[in-house]
Protein chains: 2
Amino acid sequence: METVEKLTKVLRNHSMKITPQRLMIFQILENNTSHPSAEEIFKRVKDIYPTVSFTTIYKTLEVLCDLGELRELTIDDARKHYDPNTNTHHHIICTSCKKILDVFEDFSPHVKLPESFRENYMISNFQVSFYGICKECN
Amino acid sequence: METVEKLTKVLRNHSMKITPQRLMIFQILENNTSHPSAEEIFKRVKDIYPTVSFTTIYKTLEVLCDLGELRELTIDDARKHYDPNTNTHHHIICTSCKKILDVFEDFSPHVKLPESFRENYMISNFQVSFYGICKECN
DNA sequence: AAGCTAACAAACAACTATTATCATTTAAAA
DNA sequence: TTTTAAATGATAATAGTTGTTTGTTAGCTT
């Protein structure tokens, strides 16, 4: 199912309202693999709804995160990034330009929490972050 | 070599000054596996040097990071954490209490950047972050 | 279609973590 | 001891984000 459709449904199921601003955000997130920050999303919505406020963006992103439809990435130390793909996958970030790319490789057969932690933690997921320099920055 | 001694040497080699404030920070970092935030370090230094400023803490942490003697962790979305162990290792964070523990397991034989990225990236390191709930929080 | 109401958007203020500025102080070399 | 480059700390500034308020609206109900 497409993102816009899916998110619309999920919000409806929680008796939340589908507003033009939110639809716009859904559209921006659809098939988005660029890991945008709140500001990037804000700018793009602003192009079409010049009166939209930053608060609305933050609030909507918060709602989507709470519903598990969006993942917050803390891979960049300057700001949060958002990823509509909530399936387990990994990232590579250029430490120079901060660009983040997806790494779709299933490491789960090999990356397991050591025995000693098993009884003390309920693991929900894990994330591999590769750090390096991209070709453009080198 | 102990942390205090090592960091003193490294700073001297870069003609930087060893101040009591810095020595205090070095001591706090020594064998520290609690991944403190700047604020936690600030508070502990303040206990002994009540006049110390936050700026000094941040500056010193920045210096140590630049010299590669300290690693900045971006695993918590609220604030940065610092880890004096700069050898490759991994972390598990409780999404409830935000406690961070070390995971010493060598995943490097299995976690490799896919072929497609190899020619476009110079990877310096990778990091596995496990997210879950610890026993105390559950 | 009209009315209702919880949820919403936007304006704005506030907050938190961090960084910058700069005058004063100090480590440590000469 | 003198010198000087560097560090400190007071203060202000900034960036990113969150909280509050008030008028508005989506979407249900009738």
Side-chain angles (χ1 to χ4, degrees), chain A residues 4 7-26 28 35-67 70-82 98 100, chain B residues 4 7-26 28 35-67 69-70 72-82 98 100:
Chain A
V4 173
L7 296 181
T8 300
K9 215 166 253 181
V10 171
L11 261 68
R12 279 243 165 77
N13 287 343
H14 287 79
S15 27
M16 296 176 138
K17 292 179 179 165
I18 311 304
T19 62
Q21 292 90 337
R22 287 185 167 178
L23 272 172
M24 188 69 214
I25 294 172
F26 297 171
I28 289 166
H35 313 87
S37 63
E39 196 189 3
E40 283 155 357
I41 294 170
F42 173 62
K43 279 184 183 158
R44 290 192 52 193
V45 177
K46 216 177 160 72
D47 283 345
I48 288 156
Y49 291 94
T51 64
V52 78
S53 81
F54 226 133
T55 314
T56 301
I57 308 297
Y58 276 117
K59 284 278 152 64
T60 302
L61 295 177
E62 187 193 8
V63 163
L64 292 176
C65 284
D66 288 350
L67 294 174
L70 195 60
R71 189 154 292 171
E72 201 174 86
L73 302 183
T74 54
I75 194 174
D76 174 6
D77 56 9
R79 63 188 61 68
K80 294 173 187 169
H81 291 258
Y82 296 89
K98 310 290 183 183
I100 303 169
Chain B
V4 173
L7 296 181
T8 300
K9 216 167 250 182
V10 171
L11 261 69
R12 282 245 163 75
N13 287 344
H14 287 80
S15 30
M16 295 175 138
K17 292 176 179 169
I18 311 304
T19 63
Q21 292 91 333
R22 286 184 167 177
L23 274 173
M24 188 68 212
I25 294 172
F26 298 171
I28 289 166
H35 313 87
S37 63
E39 195 189 4
E40 284 156 356
I41 295 168
F42 173 63
K43 280 183 182 158
R44 289 192 52 192
V45 177
K46 216 178 160 72
D47 282 346
I48 289 158
Y49 290 94
T51 64
V52 77
S53 80
F54 227 132
T55 313
T56 301
I57 308 297
Y58 275 118
K59 263 279 145 57
T60 301
L61 295 177
E62 186 194 7
V63 162
L64 293 176
C65 284
D66 288 351
L67 294 174
E69 297 298 330
L70 194 61
E72 200 176 87
L73 301 184
T74 55
I75 194 174
D76 174 5
D77 56 9
R79 61 189 61 73
K80 294 174 188 168
H81 291 258
Y82 296 88
K98 310 291 181 183
I100 302 169

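Hydrogens, waters and symmetry mates are skipped; everything else that's a heavy atom, side chains included, is used. Note that the structure is a prediction, hence the values are computed from the model and not measured. Chain naming here is simple, since letters A, B, ... match the order of the sequence lines and numbering starts at 1 in each.
- Here the side chain of A:Arg79 pairs no donor or acceptor atom with the backbone of A:Ala38 at under 3.5 angstrom.
- A salt bridge links B:Lys43 to B:Glu39: at least one charged side-chain nitrogen sits closer than 4.0 Å to a carboxylate oxygen.
- Counting to the nearest Å, the C1' atom of D:dA15 and the CZ atom of A:Phe42 are 14 Å from each other.
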Can you give one letter per nucleotide of nucleotides 16-25 of chain D, going 5' to 3': B for a protein heavy atom under 4.0 Å from the base, S for sugar-phosphate only, - for none? SBBBB----B
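- In this structure, A:Val10 and A:Leu64 have side chains that are not in contact, with every pair of non-hydrogen atoms separated by 4.5 Å or more.
- Read 5' to 3', the first and last nucleotides of DNA chain C with an atom closer than 4.0 Å to a heavy atom of chain A are C:dA6 to C:dC12.
- In this entry the distance linking NZ of B:Lys46 with C1' of D:dG9 reads 11 Å, nearest Å.
- The shortest non-hydrogen separation linking A:Phe42 to A:Phe54 is CE1-N, 3.5 Å.
- Between B:Tyr49 and B:Pro20, the shortest heavy-atom contact is OH-CB, 3.0 Å.
- Taking for each of A:Val63 and B:Met16 the nucleotide of DNA chain C with the nearest heavy atom, the 5'-most of the two is the partner of A:Val63.
- Within the 3.5 Å criterion, the main-chain N or O of A:His35 finds a donor-acceptor partner in the side chain of A:His81.
- For the pair B:Ser53 and D:dT8, the criterion of a side-chain N or O lying under 4.0 Å from OP1 or OP2 is not met.
- Residues A:Ile57 and A:Ile25 share a closest heavy-atom pair of CD1-CD1, 3.8 Å.
- In this entry the distance linking CG of B:Asn13 with C1' of D:dA6 reads 17 Å, nearest Å.
- Qualifying side-chain contact (heavy atoms from CB on, under 4.5 Å) partners for A:Lys98, counting only residues two or more places apart in sequence or in other chains: A:Asp76, A:Asp77.
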